[in-house]
Peer 1: 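Below are the structure tokens for one structure; questions will follow.
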2 protein chains.
Amino acid sequence: MRQEEKRNRVEEAIRSFYEEKTVAPHLVDSVLYSIQAGGKRLRPLLLLELLEAFGQDLTDAHFQVAGALEMVHTGSLIHDDLPAMDDDDYRRGQLTNHKKFGEDLAILAGDALFLDPFGMIATSQLPDTVKVALILELSDASGSRGMVAGQVLDMEGEHKQLTLEELQTIHANKTGRLLAYPFIAAGSILELEADIRQLLKQLGQKLGLAFQVRDDILDLVADFEALGKTPQKDLVAEKSTYPALLGLEASKALLERELDACGDLLDQLVAICAFHPQAIKKLIEGLRIHG
Amino acid sequence: MRQEEKRNRVEEAIRSFYEEKTVAPHLVDSVLYSIQAGGKRLRPLLLLELLEAFGQDLTDAHFQVAGALEMVHTGSLIHDDLPAMDDDDYRRGQLTNHKKFGEDLAILAGDALFLDPFGMIATSQLPDTVKVALILELSDASGSRGMVAGQVLDMEGEHKQLTLEELQTIHANKTGRLLAYPFIAAGSILELEADIRQLLKQLGQKLGLAFQVRDDILDLVADFEALGKTPQKDLVAEKSTYPALLGLEASKALLERELDACGDLLDQLVAICAFHPQAIKKLIEGLRIHG
């Protein structure tokens, strides 16, 4: 299935959830505004490409799990942008949720996007054991032991000089856990062997690191148009970033190295099981920064 | 088991979840500050008393499910109190979470309390089918089809004259769904017959309505000390309330009527199954307002 179609079906899964039984129409408007703002859909695409790489035909249930992951991610962006947090006016080139709908509705839209996805997974056509595993891992990756913890540490690290190790702990939680989720979730859905799951987990972690290094580089070098949001926010907030700690060139080299390592892990997967790495390789290659 | 012990074990279940694997200590401080602020623990107690009323011995899993429910409820209180929402400085007689920890940490503490409980249920020692049912219903009761929708409608209803029907829709979602959750959850945990579940569901709905009528009356007539928060906020926000729509005396009569109806439903349960209503009856009687 083509990437474009995958993206559409993830959005469709989310949209039908919200349009199926609407209690508060403005809440749904606010939620879907941020969902439909687009973005690369990297996390859901990683999950869907992984499933196909293992030869799995995609079903509605897979799009619902991918959608649930995107919902949690989108909820975190809405709350991140709030005045009391990063105070951003633009995201993906359009007004942030609170700028468009007001702070109260933005808080509640984020809340809905945290509470709803677990029900969406619970109603999907998958075995109960698989659903429980997917829900457990999504909760763990996103809550006080994952993403939210990373956001707190990130906030506390502003205006402070962090060590590289501290920076990595922040990012491993703030962005790493949800980026690694597709790799864990694919293992649960396909009920894969432990050694394959182990490789997938490593791959997810490396990719998470690469993604954050890339994000820090782009925040520094890209302009508003390319970024869709205010650039150099990290500098303004005096945040420790990879370029700040390592220098720009060394950060670019680190990114290359991590992406190469992802390629090696994909080769290892191919060596031990029936795995077709082309599409997932392309997604990962798409994270390289040229020039 | 005595109520006091039940309360302690619910708090213990929540505390051990947060202390077991702490990534961001200040986040945990902020979460536990609001959890330990107390409150009546009405929702978890209803679940635990219901389970015992059906002759079920309580296990750790039951306290985890009760704790998960209290976590979602507490998260909603933290977000409700935020400046962009109700802007409250006090809750249960102590500073609200954002007054104590700052708005950013309060937002993230609420987020954690929405994301974590699903993992807590997923790890409990219950059959997978039961866990999936409990997670589905908690998500549905709290997210965009339940509590959060009710909060949006409530917010939109400020400074407006609502009909009694609109007011009931708001409350059925905003507070009713989580108050009815113990009755649904008990049915899932004990895998009860459909007719018993139907009675439990009605009981939960009636209790939810009674609770909200009571809350509206208390907001009007109680002082800060009795309420633990600023009274007459509804009047200030020009909110439609039961006393505003029906008058104080008629609201009190409605409360009595609904609580009487709960008693009748308990009698019906006793007539069709082995059900010991004493403790749950006492909890419900505790909601009467005297004088």
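Values below: every heavy atom of this structure, side chains too, minus hydrogens, waters and symmetry copies.
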Peer 1: Is it the side chain or the backbone of Lys131(A) that comes within 4.5 Å of chain B heavy atoms, both, or neither?
Peer 2: side chain
Peer 1: Heavy atom to heavy atom, less than 4.5 Å: which residues from residues 138-145 of chain B reach chain A?
Peer 2: Ser139(B), Asp140(B), Ser142(B), Gly143(B), Ser144(B), Arg145(B)
Peer 1: On a heavy-atom basis, which atom in Ala112(A) and which in Val148(B) lie closest, and how many Å separate them?
Peer 2: CB-CG1, 4.2 Å
Peer 1: Just so I know, are the side chains of Asp111(B) and Asp111(A) near enough to count as touching, which here means a heavy-atom distance under 4.5 Å?
Peer 2: yes
Peer 1: Tell me, do Leu115(B) and Phe118(A) make a side-chain contact under 4.5 Å, heavy atoms counted?
Peer 2: yes
Peer 1: Could you list the residues that satisfy ring-ring contact (aromatic ring centres under 6.0 Å, His included) with Phe17(B), not counting sequence neighbours?
Peer 2: none
Peer 1: Working to the nearest 0.5 Å, report the span between CG of Leu82(B) and CD1 of Ile107(A).
Peer 2: 5.0 Å
Peer 1: Of all heavy-atom pairs between Ala122(B) and Ile135(A), which one has the smallest distance, and what is that distance?
Peer 2: CB-CG2, 4.4 Å
Peer 1: Drop me the distance from Glu103(A)'s CD to Glu103(B)'s CD, to the nearest 0.5 angstrom.
Peer 2: 6.5 Å
Peer 1: If you round to the nearest 0.5 Å, how far is NE2 of His79(B) from NE2 of His79(A)?
Peer 2: 6.0 Å
Peer 1: Report the distance from atom CD of Gln151(A) to atom CG of Leu108(B), rounding to the nearest 0.5 Å.
Peer 2: 5.5 Å
Peer 1: Between Glu156(A) and chain B, which part of the residue has a heavy atom less than 4.5 Å away: side chain, backbone, both or neither?
Peer 2: side chain
Peer 1: Can you name the closest pair of heavy atoms from Asp104(A) and Ala84(B) and give their distance?
Peer 2: CB-O, 3.3 Å
Peer 1: Within a radius of less than 6.0 Å around NZ of Lys174(B), do more than 12 heavy atoms belonging to other residues, nucleotides or ligands occur?
Peer 2: yes
